[in-house]
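I have placed the structure first, in the form of structure tokens, so that the comments after it can refer back to it.
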Amino acid sequence: MSEEKIPYEQSDLYRIRHSAAHVMAEAVLEHFPEAKLAIGPPIADGFYYDFDLGQDENGKPKTFSPEDLEQIEATMKKLLKKNAKFEQSSKTVAEAQEFFADAPYKLELIAELAAGKVDENGNPISEPVTEVGIYQHRNFVDLCRGPHVGFTKQVKANAVKILRSSGAYWRGDENREQLQRIYGTAWHNRVELDEYLKRLEEAKKRDHRKLGKELDLFSAAPEVGGGLILWHPKGGLVRHLAEEFCKNEHLANGYDLVYTPHIGRSTLWETSGHLTWYRDDMYAAIQIDEEEYFLKPMNCPFHIMIYKEKMHSYRDLPLRMAEWGTVYRYERSGVLHGLMRVRGFTQDDAHLFCRQDQMPEEIDRALNFCLHILRSFGMDKFHAYLSTRDEKKSAGDAERWEAPTEALRAALERAGLDYDIDEGGAAFYGPKIDLKMIDALGREWQLSTIQFDFNLPERFDMTYIGQDGEAHRPYMIHRALLGSMERFMGVLIEHYAGAFPLWLAPVQVVMVPITDRHIPYAEKVAEELRAAGLRVDVDVSSERMNKKIRNAQLQKIPYMLVVGDKEEENDTVAVRTRNNENRGAVPLADFLAQAATLITTKALEL
RNA sequence: GCCACCUUAGCUCAGUUGGCUAGAGCGGCGCAUUCGUAAUGCGCAGGUCGUGAGUUCGAAUCUCACAGGUGGCUCCA
């Protein structure tokens, strides 16, 4: 953790991984002399290198088998131990072109460097280069600007591991060659490597797909279709509780709740521009009478139609229209992932319609409301992005983008959020703020978004009557806070590793009668707790108490109330928490009062 | 969609180089047990080995196709 202070690019680990990538490529060439090298950078927690292995006798691209990877790893370790110095030099563009004459991918990189387009990582560069960096160890020479470690031995053979291979498009372009990528990881020493591998194992235990099955929260069935979620009673309850809380907060914060249909006529989607811009993500038309209808990929056109049902005065604004709207989008089969990426999902969507002068405050309110909601779920670690105008594809002139972009930036700063700027990352219709959460495997998933829209108010010719009696165009802001209920639930499950805070736990209390003769007392207590609004199960199975406790632990139920003779006599319950904490006998009324407080305050602790 | 890998009971997984009625644990059901803070014992049921072709005297095991899943790539809440 000591290198967190300095940028990753300047850290030891970066050099170690970059050098490991070179030695791995050296090992690959030993087994596949005909392989063409593409690129091999360090990445978070490791490195990769891309290869073109040519074609087999049937003309199909050759790939790495698991056995190949084992051998490459063994060779790589051997080569690391057989010490060699990393030597840096440079070549002129012409020299490099001659030297890499048989390396087509390197030639392409050199050409782009020489043309001043992009560097080897695909990032734009400011001016053409005349000399390119070269790193060599033994006979392995690579186009590379480093940095590297001094000697191969500085990459410990027992701190390196090849993880997997996969296909990867050259330059990230699916229309270009598909290369074979090998991922590896490298650390300072073996202990760090083991810790990393252990971390991966731990992460798997938090995987929402695994927990979803174990805790009986949701499923997806091939018979239903990929990316379509079935919410089981327990998962449905958690989702209901989350939605109920959010809807009430919306009502308390100046939003109106609306409902709109799942399909709409093609004319609606023509007007909105979806059929022009978004058709690839939409499902095929549904024929009804003489008309084509489409399943909605977004809710906005419907909300706009509600707006347009009547004239609006400047006094009516701002209008905040919210809907838990279920949308359907075509996602390619390979991208589906548990609850995180699905084909049908419910957005906590809202559209804000306001006057120009109200815009900065609306942004502020939206962002603060968003943070309030996320924090209510115990989520306070997220990565904020401000996406700005892409000159090549954007509606409206640059000037028009300025005020909204500044308003978004100001809101981020007033909220005290660190944020990164995604230059040119905005949609064509306006700038936006995104908040992304990190899942168990370290991947980022976007939840919240606050997006400006210059486009739809125009297309639908939305107006309001201003103080001057003239028609004006309202500003429109799309925003989703949890994003989609599916993805949010996925993140939430992983955030708590399935151990939901009391207010969200599908079963809050399980009664553990020690013997069957204590069941009536357990039932009586359960009824009292239920009357107070708690969700209580009674374990009447013929198992021993230990087993009942174990089952409750595995289900991550917050409280286990053990009741036997002593408790029955004194109107108490023996409180045990899922944190393995045994609080002993507590008067029932005390337990109830405590639990009630924790629920109303949405406490994270038990 | 592309590349690789995977698919055996409700779940998690064994199943040697192809060879007897395909196994285990958990879960389910039954019986016994009534127990003080993470697994009581015994018994029973449960499988067209993802689907379809092929190779073979013989296929869970080898080949091909398809479907579904997983990890990447591309793409996005």
Side-chain angles (χ1 to χ4, degrees), chain A residues 48 50 53 60-66 68-69 163-183 204 207 209-210 213-214 216 220-223 225-226 278 280-281 297-298 325 327 329-349 427 434-437 441 443 445-449 451 478 480-488 490-491 512-519 542-555 560-567 574-578 580-585:
Chain A
Y48 67 80
D50 286 346
L53 296 182
K60 285 170 73 177
K62 273 201 261 182
T63 59
F64 293 112
S65 69
D68 292 335
L69 295 184
L163 297 174
R164 60 175 166 268
S165 66
S166 77
Y169 300 107
W170 169 238
R171 307 254 80 177
D173 182 345
E174 63 179 321
N175 298 312
R176 306 268 332 243
E177 300 86 334
Q178 185 160 48
L179 308 172
Q180 295 303 309
R181 174 171 297 179
I182 303 181
Y183 284 94
K204 278 187 201 159
D207 190 313
R209 293 166 301 178
K210 185 172 157 69
K213 189 179 278 184
E214 288 170 359
D216 198 13
E223 292 86 341
Y278 208 71
D280 288 349
D281 298 275
M298 295 188 195
V327 297
R329 299 182 186 171
Y330 172 68
E331 298 285 357
R332 300 206 272 178
S333 60
V335 307
L336 300 175
H337 179 84
L339 294 176
M340 301 300 198
R341 191 85 181 266
V342 292
R343 284 178 171 160
F345 55 97
T346 302
Q347 296 180 304
D348 62 332
D349 205 1
D434 292 326
L435 298 186
K436 302 189 183 186
M437 306 284 305
L441 295 169
R443 290 178 291 208
W445 296 99
Q446 180 180 323
L447 296 186
S448 318
T449 187
Q451 311 186 347
H478 307 250
L481 308 185
L482 305 180
S484 86
M485 293 312 298
E486 282 72 13
R487 179 175 290 182
F488 172 73
V491 170
V512 179
I514 290 177
T515 74
D516 285 358
R517 70 174 183 279
H518 303 115
I519 289 178
S542 68
E543 297 292 346
R544 297 167 63 195
M545 177 195 64
N546 281 321
K547 184 59 179 294
K548 293 179 184 178
I549 287 175
R550 177 179 159 79
N551 287 340
Q553 285 287 150
L554 293 175
Q555 285 297 303
M560 287 147 260
L561 301 186
V562 179
V563 290
D565 292 338
K566 284 185 277 179
E567 288 74 20
V575 178
R576 179 198 162 94
T577 74
R578 68 182 165 205
N580 271 325
E581 187 191 351
N582 185 356
R583 294 184 186 161

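As the structure is a prediction and not an experimental result, all values here were calculated from the model. Quick note on labels: first sequence line is chain A, next is B, and so on, each numbered from 1.
Between the side chain of A/Arg332 and the base of B/C76 there is no donor-acceptor pair of N/O atoms closer than 3.5 Å.
Residues satisfying the side-chain hydrogen bond (donor to acceptor under 3.5 Å, both in side chains) test with A/Gln347, not counting sequence neighbours, are A/Asn299. Remark: A/Lys210 engages A/Asp207, A/Glu214 in a side chain to side chain contact (heavy atoms under 4.5 Å, CB included) (not counting sequence neighbours). Taking the side chain to side chain contact (heavy atoms under 4.5 Å, CB included) definition, one finds that A/Ser65 meets it with A/Glu67, A/Asp68, sequence neighbours left out. Partners of A/Tyr183 according to the ring-ring contact (aromatic ring centres under 6.0 Å, His included) rule, which considers only residues two or more places apart in sequence or in another chain, are A/Tyr48. Residues passing the side chain to side chain contact (heavy atoms under 4.5 Å, CB included) test with A/Asp516 are A/Ile519, sequence neighbours excluded. With sequence neighbours excluded, the residues satisfying side-chain hydrogen bond (donor to acceptor under 3.5 Å, both in side chains) with A/Gln446 are A/Asp434. With sequence neighbours excluded, no residue satisfies side chain to side chain contact (heavy atoms under 4.5 Å, CB included) with A/Asp280.
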Footprint string (nucleotides 35-43 of chain B, 5' to 3'): B base within contact, S backbone only, - free, heavy atoms under 4.0 Å | BBBBBB---
Taking N or O atoms only and anything under 3.5 Å, show me the protein contacts with nucleotides 8-14 of chain B, one pair per line.
{"unit_1": "B/U12", "atom_1": "OP1", "unit_2": "A/Lys213", "atom_2": "NZ", "d": "3.2"}

Anything under 3.5 Å between a protein N or O and an N or O of nucleotides 47-51 of chain B, put it in a table, one pair a line.
none

For a quick test of your reading: what N or O donor-acceptor pairs under 3.5 Å do the side chains of residues 543-551 of chain A make, sequence neighbours left out?
{"unit_1": "A/Lys548", "atom_1": "NZ", "unit_2": "A/Pro513", "atom_2": "O", "d": "3.0"}
{"unit_1": "A/Lys548", "atom_1": "NZ", "unit_2": "A/Asp539", "atom_2": "O", "d": "3.3"}

Would you sketch RNA chain B in dot-bracket for me? Only Watson-Crick or G-U wobble pairs with both distances under 3.5 Å count, crossing pairs as [ ], other-strand pairs as |, the rest as dots.
-> (((((((..((((.....[...)))).(((((.......))))).....(((((..]....))))))))))))....
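Shown here for A/Met340 and A/Val491, the closest heavy-atom pair between the two residues is CE-N, 3.7 Å.
Among the protein residues, A/Gln446 comes within range of the sugar-phosphate backbone only, with heavy atoms under 4.0 Å from sugar or phosphate atoms but none that close to a base.
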